[in-house]
Each structure stands twice: as structure tokens, then as C-alpha cells.
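Structure first, commentary second.
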2 protein chains.
Amino acid sequence: MGARLRAAPRRRRSATIRDVARRAGVSPATASRVLSASRHPVSERGRRRVLAAARRLGYIPNLLARSLLTRETAAIGVLVPDVSNPYYAGVLRGIEDAAGPARRTVILCNTDRDPAKLRWYLRALMERRVDGLVVAGGSFGRAESAITGGALPVVMIGRGPARLPCVRVDNVAAGALATRHLLELGHRRIACLAGPAVSTTAADRVAGYRRALREAGVPAAHEVVLEAGFTPAGVPALVARLLAREPAPTALLAPNDLVAIAVVRALHEQGRRVPEDVSVVGFDDIPVASYVVPALTTVAVPAYALGRAAVEALGGLLAGRPAGTVVLPTELRVRESTSVLDERRGLA
Amino acid sequence: MGARLRAAPRRRRSATIRDVARRAGVSPATASRVLSASRHPVSERGRRRVLAAARRLGYIPNLLARSLLTRETAAIGVLVPDVSNPYYAGVLRGIEDAAGPARRTVILCNTDRDPAKLRWYLRALMERRVDGLVVAGGSFGRAESAITGGALPVVMIGRGPARLPCVRVDNVAAGALATRHLLELGHRRIACLAGPAVSTTAADRVAGYRRALREAGVPAAHEVVLEAGFTPAGVPALVARLLAREPAPTALLAPNDLVAIAVVRALHEQGRRVPEDVSVVGFDDIPVASYVVPALTTVAVPAYALGRAAVEALGGLLAGRPAGTVVLPTELRVRESTSVLDERRGLA
DNA sequence: TTGTATGCGTTATCAC
DNA sequence: GTGATAACGCATACAA
């Protein structure tokens with residue numbers, strides 16, 4: 001039994017459980033039982049000696065070796081379109097805060113909603129044998145679900161392939177909520193900036209918008225839906241197009257707060273005031289939404305809570321408990337970017 | 001050699017390299033050489049058979065096993081105070097974008113600037129045998145540095161313990177830059193909201209502020225430094241205190257853009273306009289900074305580039321190349337929240 | 001160019 | 001309550 005393999009380890013080899021055992025005068029098995037919090041009985045004397053030796057040697061267990069044997073890594077993969085988006089940053093924070101106490105670590109992947117990138121990361125996570133996945137923000141469809149082959153517990157945040165456990169809000173209701181708020185303020189010409197076409201979240205919000213208009217008996221001709229995106233890019237041009245319409249809308253829905261803030265600015269640059277001339281509603285209620293001037297009226301989506309709930313559902317799955325769909329509530333937060341329609345003003 | 005251990009694996013055992021080898025009619029060694037991109041020669045025929053078998057079996061290598069042997073995990077730990085902060089979200093994005101191409105994955109840890117949490121995560125990362133660490137945002141001092149015991153390559157983002165490679169900006173210069181901008185606009189009574197006391201970033205910016213004032217010959221009595229924080233909490237009260245001063249400042253520095261936006265709002269609520277009555281400068285140039293009204297004048301800190309540079313430095317370290325200190329430039333972005341001092345207005 | 005054997009660090013199993 | 005031993009899945013030194 002010669003030790004042949006020794007590929008010139010640059011870093012000093014850290015103490016192993018055998019080192020600890022030797023120093024404590026016990027077998028590796030006993031040392032393991034103490035250090036891995038096993039429920040196998042160990043004498044008090046032995047326990048103390050092992051603990052002392054471990055401390056003295058600065059022993060740090062190697063989770064790779066442990067995981068190889070136990071088939072559990074206590075790591076979860078998190079797939080998110082983009083952490084730079086404050087909404088996803090909030091989700092991520094919730095995920096991490098829920099993972100920590102369970103002693104699970106989070107491997108972060110930004111997909112940019114790019115299926116190729118997503119698949120690449122998926123494979124990387126499977127190679128690392130993560131215990132499970134939390135997937136937020138679309139483009140995780142049936143094909144991707146097939147990659148994990150059901151071998152990996154997955155919890156979606158937002159809508160995903162049927163059958164996959166999921167934590168989400170009702171975006172149709174959210175879209176309707178925002179629209180009804182504007183209708184109640186007297187607006188009839190309400191435009192809707194939709195998010196990216198691939199996003200079910202965006203599609204649902206538009207659906208809610210349409211439904212609310214129909215239910216209020218607003219003529220279909222008043223429906224105006226323009227595809228935007230979830231980022232401020234291109235917003236000034238879109239707003240210009242809206243202002244050029246005849247008659248022009250007196251209110252509008254932005255796909256999220258980030259875009260809403262950009263819309264307010266674009267309107268400002270075109271000489272329109274919010275909310276006096278145009279009312280604007282966003283979605284998400286990201287932290288800055290309440291600090292900008294005018295403070296944004298928005299439909300709050302509990303990003304942080306969604307993250308937490310997803311990890312909790314995943315934890316349940318890993319513990320053998322089935323998980324279904326969790327729907328968290330959204331809430332309209334009326335602030336300063338919307339007001340009663342003043343017939344004398346408006347964009348026209 | 002009986003196979004005894006079979007702890008009722010709930011998940012179907014995935015194919016191993018032995019399975020692939022058997023199916024391909026070669027030895028595990030040959031299969032390994034093909035699948036791990038070893039430079040050991042393998043016949044073309046063998047290579048094709050192995051690849052085919054791997055594909056057919058849906059083989060996914062187990063990185064845990066590989067890492068146990070190679071002593072490299074291709075994972076890096078990232079310690080950040082809080083991803084919800086757009087600045088750190090940007091840093092994180094840069095880190096991830098640089099890590100991906102190197103096939104490294106990112107394990108994310110939010111420390112909340114809490115030393116206990118930091119140490120807890122540090123240990124978790126060492127147990128996972130990450131290849132290295134990127135640490136952003138303070139509270140990583142000598143004690144923490146000692147934990148890694150030099151066994152782990154660390155790259156700091158921002159100032160850290162001496163001797164540790166670090167990627168940062170010159171925050172003293174940044175603070176001076178912002179202050180000089182206000183001085184050039186004619187302001188003399190400039191207040192400074194400092195970030196948290198523990199933050200060297202905050203301290204440096206204040207130092208720059210003081211230096212610029214001194215160099216401009218502004219009386220020391222005009223120096224006003226109030227401790228704020230990096231979040232908007234408590235901003236209204238601070239602004240109220242500032243407005244109550246006699247004479248009141250005509251301009252102020254916020255510790256970062258997030259706080260600057262809150263300051264603008266608080267001033268607005270107190271009936272002061274920005275920049276007509278008070279000029280405000282922020283730091284970071286987070287994405288929303290240019291979309292709010294008024295658009296924020298700010299000293300841009302290249303968060304994304306810092307993240308990238310840190311990972312590149314870490315990669316160098318891992319490849320045996322030494323890393324020193326990299327200082328990236330900051331840049332004043334003059335927008336709408338600052339203007340020439342109008343003697344007839346001001347807060348007084 | 002290929003196969004055999006060994007061990008990475010840990011824990012589960014079994015015998016004591 | 002303790003210890004020897006066999007895996008976990010893989011990559012490599014060495015022999016062929």
C-alpha cells in the first residue's frame with residue numbers, strides 16, 4: 001500500500017480525520033463519530049480528546065469526501081436571470097437567508113434568460129451534485145426539466161413546467177389590480193408596456209390588464225400594448241411613440257419598477273408631469289420605488305418571501321415531503337405616481 | 001470486496017465512469033482519459049466509443065470525486081455584505097461573468113457586515129475546499145485573514161488587511177473629486193453624510209472630503225460630517241438635522257447613490273428643491289442613478305469591472321502568478337442634482 | 001496505447 | 001463503546 005499519488009500539492013495538506021484520530025489516540029471511526037455529530041455513542045473521555053485534538057490541529061472536515069459517501073452536498077443551485085435586477089437581488093437574498101440556517105450553501109448562476117447558458121449551468125450544477133435547484137425567471141421549460149431527468153428536486157419561482165413545485169404570485173391578478181386602480185381614478189386610455197415576450201410573468205400581467213379593461217367595459221380600441229423589456233433600454237423611444245398617439249393615453253403600466261422609473265423620467269423629458277399629466281404604475285416594489293420623486297405607485301411582489309418560500313419548499317422536498325404550488329399575495333401600494341384623471345390635462 | 005454500503009439511495013444512482021467504460025469495452029482509465037480531457041494519448045476508436053457510451057448513458061462526471069483527487073474544486077467563495085445593495089449586485093455580476101468562462105462556479109455568502117456570520121461562512125467555504133475567495137466590503141480583517149491561514153488565496157475588493165491582493169478604487173480621491181466639483185460650483189457650506197463607521201470606504205471618502213475642503217481654504221468650521229449608513233434608513237431625520245443648522249449647508253455628499261436618492265426625496269419633502277436649493281452628489285453610479293429625476297450627479301465606481309478584475313486576479317493567483325493591488329479609476333458624472341450656488345437661495 | 005492498482009478523506013458496516 | 005475495513009467516483013503512476 002504505497003502512497004504513490006502525490007501530485008505536488010502546492011497548498012499544505014490540511015489535517016485529516018486520521019491525523020485527529022492519531023493525536024487523540026483513537027481510531028478514525030471514533031473521531032468521525034464525534035466530529036460528524038453522529039448519534040453513535042462515544043465515551044465522554046474519547047469525545048473530549050477528539051475535540052481537543054481537532055481544535056489543536058485546526059481540523060476542517062472535507063465536505064467533498066463526506067458528500068461522496070453520503071450523496072448529499074448541502075448545496076443548492078440557484079438560477080436567476082440577472083442579479084443586477086433589484087427584484088432578483090431581493091429573491092436571492094431571501095434564498096440565502098433561508099439556506100443559511102439549514103447549513104446549505106448557494107451556488108449562484110446568472111442565465112440572462114439565455115437557454116444555452118442555462119443548460120450549461122444546469123450541467124455544471126449536476127456535476128457538482130447539488131441537492132436541488134431553485135429556478136427563478138423563465139426559460140426553464142420542459143426541455144430543461146428533462147435535463148435534470150427528475151433526478152434533481154427543483155422548485156420554480158414563478159411559473160414553470162407543469163408538475164414542478166412552484167412558488168409564485170398571481171401575475172394576472174397583479175396586472176388587473178394595477179389596471180383597476182387606474183380605472184378607479186377615472187382613466188380610460190391606459191397603455192401597457194409589456195415585458196419580454198418570453199416571460200410568462202410579463203404575459204400574465206398583460207392578460208390581467210386586458211381582463212380588467214374588459215370587465216370595466218372599456219372599448220377594445222383603447223387597449224394599447226407595447227413590448228418593452230424588464231430593463232430601461234429603449235424606454236424613451238417607447239414613451240415617444242405613446243405620446244404621439246391620438247388620443248394619447250393618460251396612464252400607463254410599466255412591466256416593472258425599474259422601467260417605471262425610466263418611464264417617469266422619459267415623460268419628464270418630454271415635458272409631461274407625473275402624476276398630473278400621466279399616471280404611472282410599476283410592479284415589484286423594489287427598494288428605491290418609495291424613495292424616488294414621485295414615489296412610485298406599484299404592485300408589490302414579495303421577492304424576499306418568494307426566495308425564502310422556495311428554499312423552504314426545496315427543503316421539504318429533500319426531507320421527503322411533497323411540495324405543490326405556493327401562491328403569495330401581491331399588494332397595491334398607492335403612492336405618488338398616480339392620481340385622479342384631470343380631464344383638462346392629459347396628453348392630448 | 002463485497003459491496004456493503006448501500007444506504008438506500010433515494011435517487012437513482014447515476015452512471016459512473018466504470019459504467020461508461022464497461023459499455024465502451026475499455027478500462028476505466030481509458031474512459032477517464034477521454035472524459036477528463038487528459039493529455040494522455042487515446043486511440044481515436046477508443047475515444048469515439050467512450051464518448052458514445054457516455055452520451056448514451058447520460059453520464060455526468062462527479063466533480064466531488066474528481067476534486068477529492070485533484071485538490072481543486074473550481075469553485076470560488078464570494079463574501080459580500082448584501083446583494084440587495086445595487087452596488088454589490090453589480091460587483092457580483094462582474095464576478096460571475098468572469099468566473100463562468102474559467103468554468104468556475106460561485107458560492108455566494110451575504111455577511112451583512114457581521115463578523116460572526118462572516119466567520120461562519122468562511123468555515124463553510126473552507127470545508128467545501130473552494131479554490132479561493134473574493135471578499136468585498138469590509139469586516140474582513142486580520143483575524144479573519146488568520147482563519148484562512150494563508151491556505152486559501154484571497155482577493156479583496158476594497159481595502160483589506162495589508163499584504164492581501166486587492167482590487168479597489170481610490171476612495172479618498174473619489175471623495176475629493178465630488179467635493180471639488182461642489183466647490184467649483186461655488187459651494188462653501190458642504191455637508192458630508194458618512195457611511196457606516198466600520199467601512200474603510202466610507203472613511204476614505206470622508207477623508208477626501210476633508211482634504212478637498214482644506215486645500216480650497218474653506219474654514220474648518222464649515223466641515224460637517226454626520227454618520228449615516230449605506231442604506232436610506234434614518235435619512236429624513238439626518239436631513240432635518242442638517243436643515244436646522246444655522247447657516248445651513250448648500251450642498252451635500254451622500255455616502256452612496258442609494259442614500260443620495262433618499263436624500264433628494266427627504267429634501268423634497270421638506271420643501272427644498274434639488275439642485276436649485278441644495279446640490280447633492282452620490283457615489284457608485286448605480287443603474288437607477290441616471291433614471292431618477294433629477295438624475296444624480298455621482299462619482300462612478302466601476303462595480304462590475306471590480307468584480308471581473310478580482311476574479312482575474314484570483315485566477316492568476318491560482319495559476320501561480322502573484323497579484324498585487326489594482327486600482328481602478330473613478331469618474332465624476334455630472335448630471336442634474338448639482339448646480340451653481342445661487343447666493344439668493346440656499347437653505348438659510 | 002491500454003489496463004491494473006491505489007488512494008483522495010470520509011462514513012457505514014460489521015465484528016469485537 | 002471501539003476499531004478494522006470497505007466503499008463513494010475518480011485520476012493517475014506504473015506495468016504491460
Side-chain angles (χ1 to χ4, degrees), chain A residues 1-9 11-22 24-50 54 57 59-74 126-129, chain B residues 1-9 11-22 24-50 54 57 59-74 126-129:
Chain A
M1 274 199 214
R4 307 257 186 64
L5 189 84
R6 178 101 337 147
R11 304 210 270 285
R12 201 174 75 266
R13 193 180 128 292
S14 54
T16 73
I17 206 164
R18 309 184 75 95
D19 300 327
V20 173
R22 193 171 326 124
V26 300
S27 72
T30 299
S32 169
R33 296 196 259 255
V34 172
L35 295 170
S36 66
S38 143
R39 54 201 174 302
H40 193 104
V42 174
S43 71
E44 194 47 41
R45 200 184 90 98
R47 176 177 309 276
R48 274 211 317 275
R49 293 184 60 100
V50 169
L57 293 174
Y59 171 71
I60 294 180
N62 185 327
L63 252 52
L64 300 172
R66 177 180 298 177
S67 295
L68 192 55
L69 206 53
T70 64
R71 296 167 173 292
E72 290 190 359
T73 53
M126 295 185 72
E127 292 185 347
R128 295 202 128 77
R129 298 299 192 265
Chain B
M1 274 196 211
R4 306 259 185 64
L5 188 83
R6 177 97 341 145
R11 304 211 271 283
R12 202 173 74 265
R13 192 180 130 290
S14 55
T16 73
I17 205 165
R18 309 185 73 95
D19 300 327
V20 174
R22 195 172 324 125
V26 300
S27 73
T30 299
S32 169
R33 296 196 259 255
V34 172
L35 296 170
S36 67
S38 147
R39 54 203 174 303
H40 192 103
V42 174
S43 70
E44 195 46 41
R45 199 184 90 97
R47 176 177 308 277
R48 274 212 317 276
R49 293 183 60 98
V50 168
L57 293 174
Y59 171 71
I60 294 180
N62 185 326
L63 252 52
L64 301 171
R66 180 180 296 176
S67 295
L68 193 54
L69 210 51
T70 63
R71 293 168 175 292
E72 289 190 0
T73 53
M126 295 185 71
E127 292 185 347
R128 292 203 132 75
R129 299 296 191 267

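All values below were derived from every heavy atom in this structure, side-chain atoms included, with hydrogens, water molecules and symmetry-related copies excluded. So that the names make sense, note that chain A is the first sequence line, chain B the second, and so on, each numbered from 1.
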Counting only side-chain heavy atoms from C-beta out, which of [options] sits nearest to [X]?
X: A/Ala65; options: D/dT2, C/dT10, D/dG9; answer: C/dT10
X: A/Asn62; options: D/dT2, C/dG3, C/dG9; answer: C/dG9
X: B/Leu68; options: C/dC8, D/dC10, D/dG3; answer: C/dC8
X: A/Thr16; options: C/dT2, C/dG9, D/dG9; answer: C/dG9
X: B/Arg33; options: D/dC14, D/dC8, D/dA11; answer: D/dC14
X: A/Thr30; options: C/dG3, D/dT2, C/dT10; answer: D/dT2
X: A/Ile17; options: C/dT10, D/dG3, D/dC10; answer: C/dT10
X: B/Leu69; options: C/dG9, C/dG7, C/dT4; answer: C/dG7
X: A/Ser43; options: C/dT10, D/dG1, D/dC10; answer: D/dG1
X: B/Ala29; options: C/dG9, C/dT4, C/dT11; answer: C/dT4

Rounding to an integer number of Å, can you tell me how far [X] [atom1] sits from [N] [atom2]?
X: B/Asp19; N: D/dC10; atom1: CG; atom2: C1'; result: 13 Å
X: A/Arg18; N: D/dA6; atom1: CZ; atom2: P; result: 13 Å
X: B/Glu44; N: C/dT2; atom1: CD; atom2: C1'; result: 16 Å
X: A/Glu72; N: D/dC8; atom1: CD; atom2: C1'; result: 14 Å
X: B/Leu64; N: D/dA11; atom1: CG; atom2: C1'; result: 15 Å
X: A/Ile60; N: C/dT10; atom1: CD1; atom2: C1'; result: 16 Å
X: B/Leu63; N: D/dC8; atom1: CG; atom2: C1'; result: 15 Å
X: B/Arg39; N: C/dT2; atom1: CZ; atom2: C1'; result: 18 Å

Check your understanding: Looking at A/Arg47, does any N or O in its side chain come under 4.0 Å of the phosphate oxygens OP1/OP2 on D/dG1?
Key ->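 For D/dG1, OP1/OP2 do not have a side-chain N/O of A/Arg47 under 4.0 Å.
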Point to revise | Test item: A/Arg33 side-chain N/O and A/Ser38 main-chain N/O as donor-acceptor pair under 3.5 Å | key: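 No, because the side chain of A/Arg33 does not come within donor-acceptor range (under 3.5 Å) of the backbone of A/Ser38.
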Check your understanding: Which part of the nucleic acid, if any, lies within reach of B/Ser32 when heavy atoms closer than 4.0 Å are counted: base, sugar-phosphate only, or nothing?
Key ->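 Touches a base.
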**Study point:** Sugar-phosphate only, base, or nothing, as touched by B/Ser36 at under 4.0 Å among non-hydrogen atoms
**Key:**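 B/Ser36: backbone/sugar contact only, no base atoms under 4.0 Å.
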**Study point:** Earlier contact from the 5' end, DNA chain C, for A/His40 and A/Ala31
**Key:**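 This one resolves to A/Ala31.
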To the nearest 0.5 Å, what is the distance between [atom1] on [X] and [atom2] on [Y]?
X: B/Ser67; Y: A/Leu63; atom1: OG; atom2: CG; result: 12.0 Å
X: B/Leu64; Y: A/Thr73; atom1: CG; atom2: OG1; result: 6.5 Å
X: B/Ile17; Y: B/Arg66; atom1: CD1; atom2: CZ; result: 7.5 Å
X: B/Arg129; Y: A/Ile60; atom1: CZ; atom2: CD1; result: 6.5 Å
X: B/Tyr59; Y: B/Arg18; atom1: OH; atom2: CZ; result: 11.5 Å

